[in-house]
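Just so you know, these numbers use all the heavy atoms, side chains as well, and skip hydrogens, waters and symmetry mates. Proteins come first, then strands; the chains are lettered A, B, ... in the order of their sequence lines, and each starts at number 1.
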Amino acid sequence: MLDPQLIRNELDSIAKAIEKRGTSIDINSIKKNEDKRKAIQVKTESLQAERNLISKEIGELKAKNKNTEELFNKVTSIKDQLDKNEESLTIIQNELNELLITIPNIPHNSVPIGKSSKDNQTIREWGKKPTFDFNINDHVDLGESLGLIDFDSATQITSSRFVVMKGEIARLHRALIQFMLDTHITKHCYEEINVPYLVNTNSCTNTGQLPKFKEDLFYIEEQDFYLIPTAEIPVTNIVKDKILGDEDLPIKYVCHTPCFRSEAGSYGKDTRGMIRQHQFEKVELVQIVKPENSYNVLEELTLHAESILQKLNLPYRVVALCTGDLGFAAAKTYDIEVWLPSQDMYREISSCSNFESFQTRRMKARWRNTVNNKTELLHTLNGSGLAVGRTLIAVMENYQTKNGDIIIPDVLRQYMRNESIIKKP
RNA sequence: GGAGAGGUGUCCGAGUGGUUUAAGGAGCACGCUUGGAAAGCGUGUAUACGUUAAUAGCGUAUCGAGGGUUCGAAUCCCUCUCUCUCCGCCA
């Protein structure tokens, strides 16, 4: 949600900024509704004030057993007016809110202008792409010939876009999670937390997944809960309705969860393998910070995610999303893309965003500024550190041998009984 | 799943229709007092929105959430929600 003050006073420049995303907002109906809202609200509040005053007088007179008929008549006519005003105020506020809640965040000045992912800007590349003197396999062939990845069973159990991992691959998957958590906890000073995987509507609205992107989520109608598509939702909502002190900040959480995405509208996309699943695991970094620090923190948080790839020695690049590719709630986003030899391209493995006060305004998450003692909205950031399934794919493909074995990266061996290779049986 | 009791400010806690403008206490902040501290005394101590040059005043809303009754609701009614206790079930 954007600042209502800004929307009121600088609607035109906001509209311009939003247009960079390739979406437009209905300035006229916002303006019209806002003017209407203001007029009705002022009128309603003054009627309420009048009513309160007279009601109090009635109370005082009654206490003295005096006649209240005159005041009674007066207040009755106010009440009729007030009822009408209150009713239309509620309607207009709801209408306005529905409009405002569908407006995306304003892109930061440093975000490159563009229409689609083609216009994203590569910021840096890291690592040396491996060369192979044999015909390489993708993770599907590798996993199936090892007998350790089983898509057929998953389809049988549930449907397509699910996977069963076994033995050393399941262990490697778990090793990645352990390694990521341990790194962020000990090297980058995040606090580990464990959160619910089912969330309510309000939490999803606060972080921006609702109301616009309901079709991307798995919904449990019975209880009106959603399966989380990312730990961002439960973790960020921890600060909902809180006023934090200077000493509480910054908040740095790392959280491992499964993520559930319906992937509606991606039929035919990445149908092979584990790239795009309905269920995958992710280690998520979330920071809640003072506004003045948020852009430095975005750089820092991105580096934290990158460091996992560096330690795994997986080649990657960092891309600044252009205005047209930016997510709904984000003001700025860096995607980290890992090298997948089988696809001969970089694929997204992390997305690090600064949401500024977009989410905290919906959440009412504030801190008390020690300089002026006023409450101010916090800034929120998050990034995958990293998507585990895709990291597993990258490890398998980049570390494969001619025999179809997988070399275990050095940093993971301590989690793998110090073994150095996953061999075919 | 069944039965019962609850949700009031930073915290504890009073409050069953009208000087409640949410009592009282604790905590915290500032001041007075003191050689210093404690005690004591005094003052202050929520959030959001509107109005405003203003973090001054004034107005409005908020006593778990939403709706209703009423001139007037923390208080009465309805729905939901969360917490606690007992029983049942259960990893």
Practice task
Identify, residue by residue, the members of residues 28-43 of chain A with a heavy atom below 4.0 Å from RNA chain B, and return them in order of residue number, or none.
Solution key: Arg37(A), Lys38(A), Gln41(A), Val42(A)
Exercise for the section: Describe, in one word, how the ring planes of Tyr190(A) and His188(A) are oriented to each other, choosing from parallel (under 30°), tilted (30 to 60°) and perpendicular (over 60°). Expected result: perpendicular
Handout entry: Residue whose nearest RNA chain B nucleotide is more 5′ - Leu53(A) or Lys374(A)
Key = Lys374(A)
Problem - Under 3.5 Å: donor-acceptor pair, side chain of Thr323(A), backbone of Gly114(A) - result: yes
Practice task
Taking Asp405(A) for its side chain and Lys424(A) for its backbone only, find out whether a donor-acceptor pair lies under 3.5 Å.
Solution key: yes
Exercise for the section: Kindly say whether Glu215(A) contributes a backbone atom to a donor-acceptor pair with the side chain of Ser262(A) at under 3.5 angstrom? Expected result: yes
Completion exercise
The residue, Val75(A) or Ser55(A), whose nearest nucleotide of RNA chain B is more 5′ is Ser55(A)
Problem - Phe218(A) ring center within less than 6.0 Å of His278(A) ring center - result: yes
Problem - Nearest-angstrom distance, P atom, G13(B) to G7(B) - result: 10 Å
Completion exercise
Outer limits of RNA chain B sitting under 4.0 Å from a non-hydrogen atom of chain A, read 5' to 3', are G18(B) to G72(B)
Problem - Range-with-range stems of RNA chain B (Watson-Crick or G-U pairs under 3.5 Å, three or more in a row) - result: B:1-7 with B:81-87, B:10-12 with B:24-26, B:27-32 with B:40-45, B:46-51 with B:57-62, B:64-68 with B:76-80
Handout entry: Over 12 foreign heavy atoms within 6.0 Å of CD, Glu70(A)
Key = no
